[in-house]
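One structure is given below, encoded as structure tokens.
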Amino acid sequence: MLVFFAVLILALTLVVIHIRVGVNFYLDLFGNDGFIKIYIFGIRVFKAAVHFEHSASNTNNLIIEHGKKTGKIHLNTDTKDKKSIAAMMKNPAFSNVLVQKVSAHFTVGRTNDSFFTVALLQTFRVLFYAVMAVIKCRYDVKITESFTPIYNRDVLQVDFIGIIGISIADIIVSLAGSKLKKQPRKLKKQEVAKI
């Protein structure tokens with residue numbers, strides 16, 4: 001009985017505390033290859049190769065390959081498309097994720113073309129700050145960034161490292177709440193009193 005209570009207390013503690021999750025995303029856009037790694041408390045729990053693909057139906061996809069399994073994320077804003085980024089961001093579980101830190105490093109270069117290098121690097125800078133402004137308004141997040149120009153070779157690399165906090169209890173409650181909202185309510189027939 002004592003062991004049961006000890007396990008129960010430990011399980012409830014793990015459900016309530018915020019878990020620190022680290023995400024490292026690297027992508028070489030010229031080579032169209034990269035990886036994503038996920039860490040929990042500094043221990044890597046997931047690693048997958050990533051690349052972009054343009055399908056026959058004129059959609060752009062981010063392909064994630066983990067062993068023999070392959071997944072697709074559609075790069076569009078259609079919330080009706082279950083595999084799109086917009087639909088994933090509408091998931092109630094994401095509303096309980098706390099972004100604590102974002103670190104980004106951009107390396108851009110084109111051989112013997114300094115104008116292209118600087119123009120593309122500044123484009124990435126503007127896009128990064130636009131996205132981070134939305135995140136900064138919502139969370140108290142620490143953001144670090146660096147933008148490195150390379151003038152003697154063709155390179156276009158993006159490296160993101162992020163730390164997020166997840167509370168399993170908050171996610172369970174929000175998912176349960178969204179399921180209850182989606183279920184149609186059954187109205188009970190009221191009996192009319194006969195006089």
Side-chain angles (χ1 to χ4, degrees), residues 20-40 42 44-66 70-79 81-91 93-166:
R20 287 180 57 117
V21 178
V23 179
N24 184 4
F25 180 77
Y26 169 81
L27 187 61
D28 179 1
L29 293 171
F30 280 154
N32 195 18
D33 67 338
F35 62 80
I36 184 168
K37 296 178 183 177
I38 299 175
Y39 300 86
I40 295 179
R44 190 180 79 200
V45 295
F46 179 79
K47 180 182 179 183
V50 296
H51 67 275
F52 288 110
E53 175 185 86
H54 186 73
S55 66
S57 60
N58 289 330
T59 59
N60 295 314
N61 303 313
L62 178 66
I63 308 299
I64 302 172
E65 297 174 341
H66 177 65
T70 302
K72 286 185 182 181
I73 297 176
H74 299 169
L75 302 176
N76 62 43
T77 58
D78 183 10
T79 55
D81 181 4
K82 298 291 184 187
K83 291 188 177 182
S84 72
I85 289 180
M88 290 179 184
M89 295 308 289
K90 283 189 76 175
N91 189 321
F94 277 107
S95 63
N96 294 307
V97 172
L98 303 173
V99 180
Q100 298 172 349
K101 181 181 179 183
V102 174
S103 178
H105 181 68
F106 297 86
T107 306
V108 176
R110 186 78 172 186
T111 306
N112 299 325
D113 194 347
S114 59
F115 177 77
F116 176 82
T117 299
V118 172
L120 191 58
L121 195 64
Q122 294 307 320
T123 302
F124 275 119
R125 185 186 302 260
V126 169
L127 291 173
F128 176 75
Y129 289 145
V131 171
M132 288 300 110
V134 175
I135 293 174
K136 189 74 174 172
C137 288
R138 185 169 179 181
Y139 305 106
D140 182 25
V141 59
K142 181 181 179 185
I143 300 171
T144 58
E145 73 283 339
S146 64
F147 300 89
T148 307
I150 305 290
Y151 299 107
N152 58 358
R153 65 187 171 100
D154 293 345
V155 60
L156 183 54
Q157 298 175 347
V158 181
D159 191 14
F160 283 101
I161 298 172
I163 297 175
I164 58 177
I166 298 173

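Since the model is a prediction, treat every value here as computed from it, not as a measurement.
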Rounded distance [0.5 Å steps], [atom1] in [X] versus [atom2] in [Y]:
{"X": "N24", "Y": "I36", "atom1": "CG", "atom2": "CD1", "result": "8.5 Å"}
{"X": "N61", "Y": "H51", "atom1": "CG", "atom2": "NE2", "result": "9.5 Å"}
{"X": "I38", "Y": "K47", "atom1": "CD1", "atom2": "NZ", "result": "13.0 Å"}
{"X": "I150", "Y": "T117", "atom1": "CD1", "atom2": "OG1", "result": "9.0 Å"}
{"X": "F115", "Y": "R110", "atom1": "CZ", "atom2": "CZ", "result": "13.5 Å"}
{"X": "Q157", "Y": "D28", "atom1": "CD", "atom2": "CG", "result": "5.0 Å"}

Can you name the closest pair of heavy atoms from [X] and [Y] and give their distance?
{"X": "T111", "Y": "R153", "answer": "OG1-CA, 3.2 Å"}
{"X": "H66", "Y": "A48", "answer": "CB-CB, 4.0 Å"}
{"X": "G109", "Y": "F30", "answer": "O-CE1, 3.7 Å"}
{"X": "L121", "Y": "F106", "answer": "CD1-O, 4.3 Å"}

Quick one about S103 and T144 (side-chain donor to acceptor, distance below 3.5 Å, no hydrogens or angles considered), yes or no?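 There is such a pair between these side chains.
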
If you define the side chain from C-beta out and look only at heavy atoms, does anything of [X] sit under 4.5 Å from [Y]?
{"X": "F160", "Y": "L27", "value": "no"}
{"X": "F128", "Y": "I143", "value": "yes"}
{"X": "N60", "Y": "F52", "value": "no"}
{"X": "F124", "Y": "T107", "value": "no"}
{"X": "Y129", "Y": "E145", "value": "yes"}

Apply side-chain contact (heavy atoms from CB on, under 4.5 Å) to the pair V118 and F147, showing each step before the final yes or no. CA-CA 10 Å; V118 172; F147 300 89; over 6 Å; no

Enumerate the salt bridge (Lys or Arg N to Asp or Glu O under 4.0 Å) contacts for residues 50-59, please, sequence neighbours excluded, ordered by first and then second residue.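 For residues 50-59: E53-K72.
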
Can a cation-pi geometry be assigned to K37 and F35, taking NZ or CZ under 6.0 Å from the six-membered ring centre and within 45° of the ring axis?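 K37 over F35 ring: yes.
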
Please check if the side chain of K136 supplies one atom and the backbone of V141 the other of a donor-acceptor pair under 3.5 Å.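 Judged by distance alone, yes, a pair lies under 3.5 Å.
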
